2 protein chains.
Amino acid sequence: MAMEPRLDIIGAALADVSRSQILCALMDGRAFTNKELACVAGIAPQTASAHLKHLQLAGLTSSLRSGRHIYHRIADKNVAGVLEAIAGLSPTDHLRRNGSSRHGGADIFRARSCYNHIAGRLGVLLTERLIDLNVLQLSEGAVVPGDHGNRFFSDIGLPIPSASPAHDPVVKLCLDWTERRHHISGPLATQLMQHAIRAGWLERRRNSRALTITERGYETFDRIFGVNREMIEGGS
Amino acid sequence: MAMEPRLDIIGAALADVSRSQILCALMDGRAFTNKELACVAGIAPQTASAHLKHLQLAGLTSSLRSGRHIYHRIADKNVAGVLEAIAGLSPTDHLRRNGSSRHGGADIFRARSCYNHIAGRLGVLLTERLIDLNVLQLSEGAVVPGDHGNRFFSDIGLPIPSASPAHDPVVKLCLDWTERRHHISGPLATQLMQHAIRAGWLERRRNSRALTITERGYETFDRIFGVNREMIEGGS
DNA sequence: ACAACGATACGATGACGACCGAACCATTGC
DNA sequence: GCAATGGTTCGGTCGTCATCGTATCGTTGT
C-alpha cells in the first residue's frame, strides 16, 4: 500500500566509509581504476571491487573498460549534484579540527576540483568576484550570465558556452562544502576550470582533488579577477 | 591527511528501510510523534525511538516537545531539498510494479504533499499550466514569477509572497519523484498549497502524504488552471 | 497521589555486510 | 604459448546494528 521512495537504497550505497572515500575521489569528475580507488580508500582490491559493484548497482557510478583497465566514474552530473548537496549537509566538526585552513592548511581547502568545476576558497572568491564585476548576476536566488559576461569571457579567450535548453542552465550555484558559501557549477564553470588548467593557472594532481595554484595562476587571478594570494591563503 | 566529506554519516542515517519510511512520512512537512512514526514503519516504539535519535544526531530531523508528546520533523528545508533530490535518484522499478498509476492507482501518485508544496501528477500539471499561462516563466533553467503572476494570484485571492532576499528565491523547481518532471516548490508553492487546503480544493489525510482532491477541487482546477479530472487520473 | 500513557535506556538475539586470503578469469606484451 | 597484471568470485571471520522484551523515567489527567 505504502509506495514510498526508497531512500535506504541510495543511503546504503553511501553508508560506508570506504565507499564515501571512493565517491569523494571520483567527485572531481575524472575516472579511476579499481586499484587506484582501493589505494585511496586503503582497502584490498577485492573489497573495492565489491564496493564499486554496489555503487554501480545503485546507479551512482558507471564503468568503462579500456583494455584491461576498467575506469569508474560518477554516473552523471545529476548524481554529482546530489552528492555535493549531501556533502553540504554533512557535519563539519571534523574539518577545522585538524589541518585548519586559517593557518595555511591543506591545499584542498584552497582549491580543488568538484566534478569539473573549481571549488574551495578560490572557487567561492572567483564566484563572488564575477558577480561583483557583473559578469554574472544573481536573479531570484539563481545565477545567470550578466551584462559584462560575453565581453569578459572573450577578453580572457574563453569560449562562451552556447545557450542550453531551458532545463540545463549554463551556470548554476553549488554550495561549497568547506566554505559554506556558493561557487559556480554548470557548463560555464566547467569551461572556466578547463581553461584555467590549459592556461597553466592551475594544475591537477595525481590522486587528489586538490588543485595546485601556479605562480602564473596567482598572478592572473590577482590581475584579472582581483583575487590575490592573501585572500586565498589568508583568513577572511 | 585526507580531509574529505563524510558522505557515510548521512548515508548511514538513510541506510535503513524503517528510517527511510519515517523520513518519507515526515517529508510532507508536518511533525509526527514517535508512536505514529513507529506505526508508519511497522516497528515497535523503542526501535523508532532509536531511529529518531539516530536521525536527529545526523542533523536530519529536529524534535519539539509539547506536553508528554515529542514531535519530530525534518530539520529544515535544506534537508528536505536534499532528501527530495535523493528520492529523484532512487531506482523506480518498484513503482509501476504494483499499483500502477495508469489504471487509477494509488492516490499518492495523483496528489501528495512534499514538504509543504503539491507534488504528484497534480503538482506537475499545475506547474506546467502556470508556465503556459505566463504566471511563471522559465529563465535559464530556473523558474521566476512571470508577467501575469501578480494578476493571477490576486484573482484567486492568494497573498503574493514578498520578494525574498536573493539567496532564497520565492519559487523553485523540484524534480517530482514519481512523474520525473518538475513541480514548483518554495514559498510561493507553499502558499499555493495552503490556499488550496483552506479553500477546500484539497484535504490532508491523517497518516499519509497523499492529498484528497475534493469535488470542488476538481471543478476549480479545471476552471482556473485548465487541468481536468481526466488529465489527473488518466494516462498521458 | 495514583493510574494511564508516551518516550527512553538496557540487554539479548539474530542478520547483514565489510574485509581479506586464495583461487580464478581476462587482457596485454613478450 | 606464457608470464604479468588488473579485476572478480568464493568462503570464512568479525563487527555492527536493527529489533524487541523488560524495566525506568516524565507528563497528564482524574
Side-chain angles (χ1 to χ4, degrees), chain A residues 2 4 6-26 30-73 206-207, chain B residues 2 4 6-26 30-73 75 91 206-207:
Chain A
E4 297 287 344
R6 295 289 305 274
L7 300 177
D8 60 293
I9 294 177
I10 302 292
L14 304 176
D16 179 85
V17 181
S18 299
R19 281 197 294 273
S20 171
Q21 288 175 306
I22 288 174
L23 285 172
C24 289
L26 294 175
R30 285 183 291 180
F32 291 90
T33 66
N34 184 15
K35 202 177 184 182
E36 290 172 320
L37 294 171
C39 178
V40 166
I43 54 180
Q46 316 94 307
T47 311
S49 183
H51 284 316
L52 288 166
K53 195 176 172 184
H54 192 163
L55 290 173
Q56 194 163 355
L57 201 67
L60 297 182
T61 64
S62 65
S63 61
L64 173 67
R65 76 179 308 145
S66 162
R68 77 181 131 181
H69 295 275
I70 299 185
Y71 290 97
H72 298 268
R73 61 174 59 196
R206 246 179 316 177
N207 281 330
Chain B
E4 298 286 341
R6 295 289 304 275
L7 299 177
D8 59 294
I9 294 178
I10 302 293
L14 305 176
D16 178 85
V17 181
S18 299
R19 280 196 294 272
S20 171
Q21 289 174 305
I22 288 174
L23 285 172
C24 289
L26 295 176
R30 287 183 290 179
F32 292 91
T33 66
N34 183 16
K35 200 177 186 183
E36 290 171 320
L37 294 171
C39 178
V40 167
I43 55 180
Q46 316 93 307
T47 311
S49 183
H51 284 317
L52 288 165
K53 194 175 172 185
H54 193 164
L55 290 173
Q56 194 164 356
L57 201 66
L60 298 182
T61 64
S62 65
S63 62
L64 174 66
R65 74 180 310 144
S66 163
R68 75 178 133 183
H69 297 276
I70 298 186
Y71 290 96
H72 297 268
R73 62 173 60 196
R206 246 179 317 175
N207 282 330

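First the proteins, then the strands, lettered A, B, ... as listed; each starts at 1. From a predicted model like this one, the values you see are computed outputs, not experimental measurements.
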Quick one: what's the B/S/- string for nucleotides 24-30 of chain D, heavy-atom cutoff under 4.0 Å, read 5' to 3'?
-> ---BS--
Phosphate OP1/OP2 of D/dT8 contacted by A/Ser49 side-chain N/O (<4.0 Å) |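 Indeed, a polar side-chain atom of A/Ser49 lies that close.
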Look up atom [atom1] in [X] and atom [atom2] in [Y], then write down how far apart they are to the nearest 0.5 Å.
X	Y	atom1	atom2	answer
A/Ile22	A/Glu36	CD1	CD	12.0 Å
A/Leu23	A/Leu37	CG	CG	9.5 Å
B/Arg19	B/Thr61	CZ	OG1	11.0 Å

Using whole Å, report how far [atom1] of [X] lies from [atom2] of [N].
X	N	atom1	atom2	answer
A/Ile43	D/dG6	CD1	P	16 Å
B/Leu52	D/dT19	CG	P	12 Å
A/Ile70	D/dT5	CD1	P	18 Å
B/Leu14	D/dC17	CG	C1'	16 Å
B/Ile22	D/dA18	CD1	P	11 Å

List the atom of [X], the atom of [Y], and the distance in Å for their closest heavy-atom pair.
X	Y	answer
A/His54	A/Ala12	CE1-O, 4.0 Å
A/Ser18	A/Ala41	O-CB, 4.0 Å
A/Leu14	B/Gly11	CB-CA, 3.7 Å
B/Cys24	A/Leu7	SG-CD1, 4.2 Å
B/Leu26	B/His72	CD2-O, 3.3 Å
A/Ile10	A/Ala58	CD1-O, 3.9 Å

No-H, no-angle donor-acceptor pair, B/Gln46 side chain to D/dT22 base, under 3.5 Å =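 Side chain to base: pair found, below 3.5 Å.
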Bend angle of the helix from C/dA1-D/dT30 to C/dC30-D/dG1, from helix axes over five pairs at each end, nearest 10° |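 Here the helix ends are tilted 30° relative to one another.
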With sequence neighbours excluded, residues passing side-chain contact (heavy atoms from CB on, under 4.5 Å) with A/Val17 =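 Listed in chain order: A/Gln21, B/Arg6, B/Asp8.
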Of all of residues 53-62 of chain B, which get a heavy atom below 4.0 angstrom from DNA chain D, listed by number?
->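 None, since no heavy atom is under 4.0 Å.
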Within residues 32-41 of chain A, find the residues that approach DNA chain D with a heavy atom at under 4.0 Å, and present them sorted by residue number.
->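 The answer is A/Thr33, A/Asn34, A/Lys35.
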Give me the first and last nucleotide of DNA chain C, going 5' to 3', that has any atom under 4.0 Å from a heavy atom of chain B.
->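 First-to-last contact on DNA chain C, by the 4.0 Å heavy-atom rule, is C/dA4 to C/dA9.
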Give a yes or no on whether A/Arg30 atom CZ has more than 12 heavy-atom contacts from other residues, nucleotides or ligands under 6.0 Å away.
->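 Above 12, so yes.
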How about B/Thr47 and B/His51: do any of their side-chain heavy atoms sit closer than 4.5 Å?
->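 SC-SC contact between B/Thr47 and B/His51 confirmed.
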